[in-house]
Amino acid sequence: MANATLRKLVTEYGGPGLVPIMEHLENSSGFLRTAQAIAANGNWYHKYKKVSALPSFSFVNIGGSQTDTTVDDELVQVDLKTLGTIQSEPKGVCENWPTGVRGYFQEHRPVYAEAFGQKVSASVFYGTNSTFGDVSGFFGLHEMAKAYGNLIQKGGTSGSRVSIIAVKFNPVSCGLLFNPKTVSAGAFLKVEVLNDGKPIAEVTNTTTGAKKLVYQAAYQGDLAFLSSSNYDVAAITQIDASNLPTAPNMDQLIDMVRGEADGRTILFCNRVARRYIRTLKTTALEMGPMDKDYDIQVDRWNGVPIVLDDNLSTAETTAID
């Protein structure tokens, strides 16, 4: 339940044009900026046919006979999960807001959008992991890399580990699934005004039956991650200051997803892992007397983009393993 009090009004009237500041709570989410988005073909689910094996060809002499073949495939369904929340704000606060009830909700919408984005990114990376993800969510990249056997484990100390994750996106077979029915104005997050925009009595104490009048809005997105191939996801895990990734590790990571510098393959990491990658450049860096800039930025690995995402934990534990 929202904890909106008189302090909100006092803060708002403290000066003209005040905007909620949340920079200290924001995360850079490179995943949401770069991920392939795929509309689920069943709205709440996505079905596709997965070919299990290629048909066989054989050489024969002229006029010889051949054995009939058929395509060996299976029907696979991925169910989307609903991610949402209900914003509930006191009637007195909203109606006395300088820009009114509508203005109150519009001004605070970016806060909900940020929270939604962070939850989506964390869910994509950690899936149903009970420590870093959400057991009620969908299968995540760490879980997929483990299931595919596409892991390079460095043996770092539990509680101070980080990861680097490779994903090879495909507009048909690998990307973030969304429900096209709940997408609003091209965004993953649908916003709906509840109760016809009128206040309702919300129970604040189930023991005494105490209530308060509130305005409400619902935020919802239906999502899952689609991966249909063992070559979609891979990861270097258990990285710490004493167990750094090597250049061969980085090459192997990309090879595990059969990646190329074609814009489809992306390497995701947090700021700590990015610093570790940059150490690989310092060991081979040469500077001359006229060089003015000490540049150790590594934006790509052999043409494959390295994308920052703060929603990857800087303190991964054995729970990931």
Side-chain angles (χ1 to χ4, degrees), residues 24-32 34-35 81 83 115 117-168 176 223-225 227 230-257 259 265-283 296 298 301 304-321:
H24 57 298
L25 300 175
E26 292 179 347
N27 284 345
S28 175
S29 181
F31 177 84
L32 293 179
T34 59
K81 296 297 182 72
L83 177 62
Q118 290 187 21
K119 181 69 174 183
V120 170
S121 293
S123 296
V124 166
F125 291 129
Y126 297 108
T128 59
N129 184 281
S130 59
T131 302
F132 297 94
D134 190 324
V135 294
S136 299
F138 49 83
F139 215 50
L141 299 180
H142 266 290
E143 295 168 307
M144 291 175 184
K146 182 179 180 180
Y148 296 153
N150 293 342
L151 288 179
I152 302 171
Q153 297 179 317
K154 300 299 294 183
T157 302
S158 180
S160 60
R161 298 170 171 176
V162 295
S163 300
I164 304 169
I165 300 178
V167 181
K168 185 175 67 178
L176 186 65
L223 305 160
F225 192 86
S227 172
N230 293 355
Y231 302 112
D232 289 338
V233 184
I236 304 177
T237 64
Q238 303 179 359
I239 303 168
D240 67 8
S242 300
N243 299 272
L244 300 175
T246 64
N249 288 158
M250 297 295 292
D251 290 338
Q252 183 183 357
L253 177 65
I254 295 172
D255 286 343
M256 282 179 169
V257 297
T265 308
I266 305 290
L267 300 176
F268 296 103
C269 65
N270 58 27
R271 297 175 191 275
V272 174
R274 185 174 65 177
R275 291 201 301 269
Y276 292 157
I277 294 174
R278 288 175 176 176
T279 64
L280 299 176
K281 183 175 181 179
T282 60
T283 58
I296 61 170
V298 183
W301 188 269
V304 176
I306 298 172
V307 175
L308 175 70
D309 200 304
D310 289 326
N311 297 292
L312 277 163
S313 174
T314 59
E316 292 178 350
T317 67
T318 53
I320 301 298
D321 304 336

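Quick note: residue numbers are just sequence positions, from 1.
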Pairwise distance [atom1]([X]) to [atom2]([Y]) - rounded to 0.5 angstrom:
X: Leu253; Y: Ile164; atom1: CG; atom2: CD1; result: 7.0 Å
X: Ile165; Y: Phe31; atom1: CD1; atom2: CZ; result: 9.5 Å
X: Asn243; Y: Gln238; atom1: CG; atom2: CD; result: 8.5 Å
X: Leu267; Y: Ile236; atom1: CG; atom2: CD1; result: 8.0 Å

- prompt: Would you say Val257 and Val167 make side-chain contact, with heavy atoms under 4.5 Å?
  reply: no
message: Can you confirm whether Asp321 sits close enough to Arg161 that some side-chain heavy atom of one is under 4.5 Å from a side-chain heavy atom of the other?
response: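 Yes - at least one pair of side-chain heavy atoms lies under 4.5 Å apart.
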- prompt: With sequence neighbours left out, what residues match Val272 under side-chain contact (heavy atoms from CB on, under 4.5 Å)?
  reply: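 Here the qualifying residues are Val162, Asn270, Arg275, Tyr276, Thr314.
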Nearest heavy atoms of Lys146 and Leu151, plus distance in Å: CA-CD1, 3.8 Å
Plane angle bin for His142 and Tyr126 - parallel if under 30°, tilted between 30 and 60°, otherwise perpendicular: parallel
query: Could you give all pairs that pass the salt bridge (charged side-chain N to carboxylate O under 4.0 Å, His left out) test and reach residues 133-144, with sequence neighbours left out?
result: Lys119-Asp134
message: Considering only residues two or more places apart or on different chains, which pairs with a residue in residues 233-245 satisfy salt bridge (charged side-chain N to carboxylate O under 4.0 Å, His left out)?
response: none
task: Output yes when a side-chain donor or acceptor of Lys168 lies under 3.5 Å from a complementary backbone atom of Gly259, and no otherwise.
output: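 No; judged by distance alone, with no hydrogens or angles, the pair does not exist.
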message: Between Ser163 and Glu316, do the side chains contain a donor N or O and an acceptor N or O under 3.5 Å apart?
response: yes
